[in-house]
Amino acid sequence: MSAQALLIYLLFALIPTTVSLILLVKEYIKNRKHRLKIDELSKRLPENLDLNSQNLLYSAQKKADEIVSQAEMDALKITAESKMISRSFEQQTEKNIEQHIAEADNEYRKFLQFLEQQSQNSQEETQEVFKQKVSEMLLKFDQSLSEFLSSSQQKSMQALELEIRSARELIDNYKVSQLKIIDENIIAVLERTLSLVIKKKLTLNDQMDLVFEGLEKAKIEKFFS
Amino acid sequence: MHHITEHILATSFTKKEALKRLGSLKAFLDFKFFYKNNYQSIKQAMDEYSKVTNEEKTKIDKIDYAWLYTINEQMFLDFKPENIQQVLSEIEQEIVNQKIVIIYLSFDPENYQSTLELSEIANTANSFELRDVPHEIGNWCKANIDKKILMEIKIDPNIIGGCALSINGVYKDYSVRARMVENKDAIIKSLSEFKR
């Protein structure tokens, strides 16, 4: 039996007993007071009245005693009855308590099982959801990563191609500009080369021929007129 | 223009030469009019003059004598003792003001040297002949431009070969360099085949 049930039992057992004891004590105290009162009164009365009064007192006292004994018997009877009632009540209560406790315990166990089941279900569901979420996340991550890598690769390739193209253009432009410079200065180069080489290789006759060619050309162009 | 100026210009190639001959003429006229003035002919005066100057051992080269003898006697008629200086001054001015063509050559006609091997030179016709370049060019100018024209030869190695001309401040290049510049596109085109 649980502590709570025991406490309830004791309460239900002790209450009638206590009530009956209180009643008995009250009766006793009441009778005692009455008796004391009668003794006092008897002491105050004169002696000539004493015999009648003693007889009266004796009869009264006898009746009182009878009443007291009757009361005591009633009290005992009440006490016994109350004990019986309380005992039966205790038993009934105990029985009810045990029954209720058993039911509560049963209900409690059922509830615990239900909770356990619920918890397990919820845990399984959560695990399932979590797995699903994780797999979705991983899938998305994989897709995003592959997309990112492919776009990065594409951008890198584009940038590289652009760089290569601009480098090629630079090289071509440089080549063209250098050749242009060479073309512009080719005459100067040839002049320099020829001035170093031809002057010393031509005979005087050749030189004079060139001079007269120039003079004839100037005459044709009417340079002198 | 005085006749004698025309003669001087026709027989001289450069201004320097013309002025030098003018100087020779002045010296002869001084001799003729102020040394002795009773010559019967100009030739006689010239003979006397050459004799005297040879005796005095002055530095007058033989060319001047030869040139003096080319002067026509008629040309001396312009000269009188009282107007010699004036006429000579006028002649000088005419010479100074005469048109000059400047001819730029790539070589020094006085000191031309070729670096051809001797064997190459031996195989080239007329290579050993010495040529009087200034006179040849001067004669051509007299024959083709103007008999009175004077010339001046300058050296410009940059023209490579041929000549460049300048007259009255106008310069024109007829040299090998100019021909290269004129044919620049053709040269570049032919060189571009090497580039490829």
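Naming: A, B, ... by sequence-line order, numbering from 1 per chain.
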Can you check side chain to side chain donor-acceptor pair (under 3.5 Å) on Thr5(B) and Glu94(B), steps first, answer last?
CA-CA 7 Å; Thr5(B) 309; Glu94(B) 283 169 354; 2.5 Å; yes

How long is the gap from CD on Glu161(A) to CZ on Arg168(A), to the nearest 0.5 Å?
9.5 Å

So, the part of Glu216(A) with a heavy atom under 4.5 Å from chain B: the answer is both

Under a 4.5 Å heavy-atom cut-off, does chain A meet the side chain of Val133(B), its backbone, both or neither?
both

Considering only heavy atoms, which portion of Ile167(B) lies under 4.5 Å from any heavy atom of chain A: side chain, backbone, both, or neither?
both

Given heavy-atom pairs under 4.5 angstrom as the criterion, report whether the side chain, backbone, both or neither of Val176(B) touches chain A.
side chain

Please state whether the rings of Phe76(B) and Phe28(B) are parallel, tilted or perpendicular, taking 30° and 60° as the class boundaries.
perpendicular

Of the listed Cys163(B), Ala178(B), Ser175(B), the one with the largest count of heavy-atom pairs under 4.5 Å with chain A is Cys163(B)

Please rank Ile159(B), Val101(B), Ile137(B), Ile103(B) by heavy-atom pairs under 4.5 Å with chain A and give me the top one.
Ile137(B)

Does any backbone or side-chain atom of Ile187(B) lie under 4.5 Å from a heavy atom of chain A? Answer side chain, backbone, both or neither.
side chain

Is the Tyr174(B) ring parallel, tilted or perpendicular to the Phe223(A) ring (thresholds 30°, 60°)?
perpendicular

Whether over 12 other heavy atoms sit under 6.0 Å from Glu116(A) CD
no

Any side-chain heavy-atom pair from Ile67(A) and Asn31(A) closer than 4.5 angstrom?
no

